[in-house]
Amino acid sequence: MSREIPKAYEPQEIEERWAKAWFDEKLFRAENSGPPGGPASDGPRFSIALPPPNVTGSIHIGHMLEHTQIDMLVRWHRMKGNRTLWLPGMDHAGIATQYVVEKKLAEEGIRRQDLGREEFERRVWKWKAESGGVIKEQMIRLGASCDWTRERFTLEPRLYRAVLETFLRLYREGLIYRGRYMVNWCPRCQTAISDLEVVHVERAGKLWHLRYPIAGTKDFLVVATTRPETMLGDTAVAVHPDDERYQHLIGKTVMLPLINREIPIIADTYVDREFGTGVVKITPAHDPNDFEVGKRHDLPEIDVMTVDGHMNDAAGQYAGLDRFQARKRILSDLESLGLLERVEDITHSVGVCDRCKSEVEPRISTQWFMKMKPLAEPAKRVVLDGLIEVVPDNQRTILLQWLENIRDWCISRQLWWGHRIPIWHCDNCKEMVPASDSRVEIVEGHARAASVPTKCPKCGGAKLTQDTDVLDTWFSSALWPFSTLGWPDDTDDLRMFYPTSLLISGYDILFFWDARMIMMGLHLSAGRFDASGRTISGPEAGLASSIPFRRLYLHSLVRTSEGAKMSKTKGTGVDPLQLTQQYGTDALRYMLASMAAPGTDIVLSEDRILGARAFANKIWNAARFLFVNLEKVESAGLTLEELAAPETRAKAPYPVKGEGALAHRWIFSRLAAVAGQVHDALEHFRFHEAAQTVYQFFWGDLCDWYIEWVKPQLTSSEREVALAAWRNIFAALDAALRLLHPIMPFLTEELWHRLPQPAGARSIALDKFPEARKEWIDVASDDAMARLQEIVVAARNIRAELKVDSKRKVDADFSTRGPMLINLLTENMEPVLRLATLSALRISKEHLDPTGAVMRSTAAFDLRIAYGDTIDKAAEIERLKKAIAALEQDIESKQKRLADVNFTTKAPEKVVDALRATMVERQLELKKLKDRLERLEGS
RNA sequence: GGGCGACUAGCUCAGUGGUUAGAGCGCUCCCCUCACACGGGAGAGGUCCAAGGUUCAAGUCCUUGGUCGCCCA
């Protein structure tokens, strides 16, 4: 072992080295975790699926936050001895990936249509092969302890099979159907998208009031619209049936301007009488509400646009124009005809494509849908029954409300990159024929449905063409927790790891993904629920038949200081790898963990990363202190081998004779308490609490007090003392590193290896997480140490006020009534004198004379230091007066409360007693301060 | 239109009805003491957005309002 160790923690080389080693050694294979030796199914398990990042992307800070939280829990469970699986993988991200590749092609002036479907798909695969590994590399570098031997991709053959199986089952059950309905259409992506993929943005717009001449009169009706170009497709105007203004017109007609089509005036309760003139144009082919009205009144649907957002032949003279150009032309034409009554400035909500931000066009088209109500019922039940615990709780309500109001899901996409729908259409009779089973075959390295129908069962026709649509990406994502474990086959992994223990995702994909996984997981695992969604008791019908995860934690999002989501295109994105280069991965992880309070979004702060980096350096240097002193271990007569032996550490704390015993008992008592707190915090996703607890323990307790306290013991001439001290300090630091490992894996791995470890020890990640050991809890030591700390701080406080040179040792006087503090001080005189930089501490039971000195008092003791003649009397009087005022106010409020019979009778006895005791102490303190003030003012 | 969240020290944020409301950073003073100046020691700094209410007790629970942000329609 080399004993050179840099003075400051330098993360770059260390992190890269360990990231590579962990990956190369397959350290995080599930098989490396859990009880050694026993049968595979023994013992507690922990399994979690990585929310698969888009294959085309790169890690952003939101991933980093997500992965840090998952990794903390995964490492923690692994160290607790659970058989632990974190299954990673990527999502083919249909529309997103196709968009990216299309944009690249556009740079060469190529459209995908120029290439044709097969060639385009080939290009996407090629591009995926080139850039698809980026995320994986980054995740490895950032320390995610995934089992990479089980990595999956949503478009790989095994997962396509799961998709086929699902589609075919739901199709046969009638839960997937095809039909002609109004959908959200993106003219840029040229595909239908689901309701969830439409984002609503507030935009400044205009409301145009148009005049529609009433047929056979010189009058006209005025309709208001934000989308005048759709008027070409109007097939009616509507008024409210009870609107007195228009009663006489119902049943008459208007002449649609520009196109000169005679259309009826109808009555429908959908019309809002208060809006505009109370007359609305009805365009069944371009508005979802008008579509419904059109159905009710049997109106024709006139689609005036093309798939790419241009006007079609039905638009007459406007055919061929882009929809926004057409709008301008139509408005100017109406104006010149005197049919534009007025224009109003408004802000309104515009639906845009989540992916490309183009304005979405409501459009009638033939698509595939999934019936969601029957699937949502069991999902609601498992959430209501607590079979799936949702954290934070308010997200549970949001989820339930969404499930309550669920609408059918448009699952088909007119894309080329994705899972192709396994339905064939008979060229002859248009019958739809599904693949006969879910088997897949590999063609050119990629999966295709293998069981292709060859003959139409209805007409016998032999010419069948596969549906050209692919499925929404979220269709395959919805199967992720079980498709990745081998479903629909009954695999060992499925038996071992399903249902997964937990899902951690951002709340922004609660509906997109989490909810759909619950619905699909429940539905595809027949047997556990009957049709009413009730839990069936008795033996489980199969391991796969269950919820996809037992707990669901929705983590916060990282936002810019303006509250917007981080966005690369807006330039507000933060590259975590760059931050890693700058500050170290562990520092970044610590910072994220420390800010990850459930339910609150995170705004990055440079200050907090710097603080985290300082913490990493502090840990490094605490270990460095032991490291550079290793020779002294040997000179104390201890071998490193013995120190490294697990048995040695297991027996800590070793009793230390004489003065030094207290601190050892205390630090292990703290360790037990802290381990308990960290367990509790992690169990409840309180990552920030876990982070803060270990920080406080390591820096405050271990470094500031324990190490400083025991330093001289390590070089003690008494061999027994030195031996025990070394054994204890190693055991304590080793435990602290294990405690820190889930948050800061690289640093702790490096230090763990640099310190003596048993032969053959592979990694701190496979070591044990510290337990809250009951036998370490030592309330008396906690209390004693707190008392001594109070005395040391009081002495330092006086020194600072007297501006005593920090190296100069001075005498002090100490007074207390009872023997308890006297004994305690006597037993710990050396460390107290040293830490307070005192030459002597004279102990008495008498009152101390404050003249010419500075004093600090608590209810239990007085401490006095006289030094030089530099006492600033005025300042001391000022300080005393302030303290007295605060105390008096406090005592007064306590007295008031204690005098209140309501309080003393209704509040718990414990609270009343505690208040009483505190008040007595305060009164004592107050008396001391008042006495002193009097003397000072009198002198 | 409906819902959710935030508002606490100069800044970024914790705070689970019950001591004198905490942390990190920043600030002031002292110290480069042999693990660490990414450090050590000491200190200053808060009418907890406002107004009502519940309670023996409210930063915490309820109601209303304000400001900001997010989501859904």
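We name chains A, B, ... by the order of the sequence lines, and we start the count at 1 in each one.
Evaluation of the side-chain hydrogen bond (donor to acceptor under 3.5 Å, both in side chains) rule for A:Arg273 yields no partner, not counting sequence neighbours. Scanning for side-chain hydrogen bond (donor to acceptor under 3.5 Å, both in side chains) contacts around A:Asn797 gives A:Arg856, with sequence neighbours left out. Residues meeting the side-chain hydrogen bond (donor to acceptor under 3.5 Å, both in side chains) test with A:Glu888, sequence neighbours left out: A:Lys930.
Both A:Lys807 and A:Thr904 lie near RNA chain B, and the one whose nearest nucleotide falls closer to the 5' end is A:Lys807.
Remark: A:Glu202 CD is packed, more than 12 non-hydrogen atoms of other residues, nucleotides or ligands lying under 6.0 Å away. For CD of A:Glu13, the number of neighbouring non-hydrogen atoms (other residues, nucleotides, ligands) closer than 6.0 Å is greater than 12.
One interatomic measurement links the two molecules: CZ of A:Phe512 to C1' of B:C71, which rounds to 12 Å at whole-angstrom precision. The distance between atom CG of A:Leu802 and atom C1' of B:C29, rounded to the nearest whole Å, is 14 Å. Atom CG in A:Asn902 sits roughly 13 Å away from atom P in B:A58 (whole-Å rounding). B:C71 atom P lies 9 Å from atom CG of A:Asp508, rounded to whole Å. Atom CZ in A:Arg396 sits about 24 Å away from atom P in B:C71, given to the nearest Å. Rounded to an integer number of Å, the gap from A:Phe511 CZ to B:C70 C1' is 12 Å. Distance, A:Ile509 CD1 to B:C72 P: 13 Å, rounded to whole Å. One interatomic measurement links the two molecules: CZ of A:Arg559 to P of B:C68, which rounds to 17 Å at whole-angstrom precision.
Between B:A51 and B:G66, the two P atoms lie 16 Å apart (nearest whole Å). Annotation: B:G59 and B:G53 have their P atoms spaced 15 Å apart (nearest Å). Separating the C1' atom of B:G15 from that of B:A9 is a span of 14 Å, rounded to the nearest Å. B:A35 and B:A44 are spaced 30 Å apart, taking the C1' atom of each and rounding to whole Å. The same atom, P, is picked in B:A58 and in B:G24; the two are 29 Å apart, to the nearest Å. Atom C1' of B:U16 sits at a distance of 29 Å from the matching atom of B:G10, rounded to the whole Å. Atom P of B:A21 sits at a distance of 12 Å from the matching atom of B:G46, rounded to the whole Å. Taking the P atom of each, B:C11 and B:C4 are spaced 29 Å apart, rounded to whole Å.
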For each nucleotide in nucleotides 3-14 of chain B, reading 5' to 3', give B when a protein heavy atom comes within less than 4.0 Å of its base, S when such contact involves only the sugar-phosphate, and - otherwise.
-SS------BSS
Going 5' to 3' along nucleotides 34-47 of chain B, which nucleotides have protein heavy atoms under 4.0 Å from the base (write B), which only from the sugar-phosphate (write S), and which from neither (write -)?
-BB-BSSSSSSS--
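Contact check for A:Val694 versus A:Trp699: no side-chain heavy atoms found under the 4.5 Å cut-off. A:Leu592 is listed as a side-chain neighbour of A:Met64, based on a closest heavy-atom distance under 4.5 Å. You'll find the side chain of A:Asp586 stays beyond 4.5 Å of the side chain of A:Met591, heavy atoms only.
At a threshold of 4.0 Å, the pair A:Glu197-A:Arg355 does not count as salt-bridged, since none of the basic side-chain nitrogens sits closer than that to a carboxylate oxygen.
The side-chain tip of A:Arg670 does not point at the ring of A:Trp709 from less than 6.0 angstrom away and within 45° of straight on. A cation-pi geometry, defined here as NZ or CZ lying under 6.0 Å from the six-membered ring centre and within 45° of its normal, holds between A:Lys711 and A:Phe625.
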Where do A:Ser556 and A:Asp601 land on the side chain to side chain donor-acceptor pair (under 3.5 Å) test, with the steps shown first?
CA-CA 5 Å; A:Ser556 350; A:Asp601 285 345; 4.8 Å; no
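Judged by Watson-Crick or G-U wobble contacts below 3.5 Å, the nucleotide B:G69 has B:C4 as its partner. In a base pair of the Watson-Crick type (N1 to N3 plus N6-O4 or O6-N4) or a G-U wobble (N1-O2 and O6-N3), with each distance short of 3.5 Å, B:U63 is matched with B:A51. In this structure, B:A44 makes no Watson-Crick or G-U wobble pair, since no nucleotide meets both defining distances under 3.5 angstrom. Under the Watson-Crick or G-U wobble criterion, with both distances below 3.5 Å, B:C34 is left unpaired in every strand shown. Nucleotide B:U19 forms a pair with no other nucleotide shown, judged by Watson-Crick or G-U wobble geometry with both contacts under 3.5 Å. In this structure B:C11 sits in a base pair with B:G24, meeting the Watson-Crick or G-U test at under 3.5 Å.
Residue A:Arg897 is classed as a base contact, given a heavy-atom separation below 4.0 Å to a base.
Sorted by residue number, the members of residues 915-928 of chain A with any non-hydrogen atom under 4.0 Å from RNA chain B read A:Arg922, A:Glu925.
The phosphate of B:A73 (OP1 or OP2) has a side-chain N or O of A:His200 nearer than 4.0 angstrom.
Relative ring orientation between A:Phe685 and A:Tyr553 is described as parallel, the plane-to-plane angle staying below 30° on a 0-90° scale split at 30° and 60°. Ring pair A:Trp620/A:Tyr9 is tilted by interplanar angle, where 30° to 60° counts as tilted.
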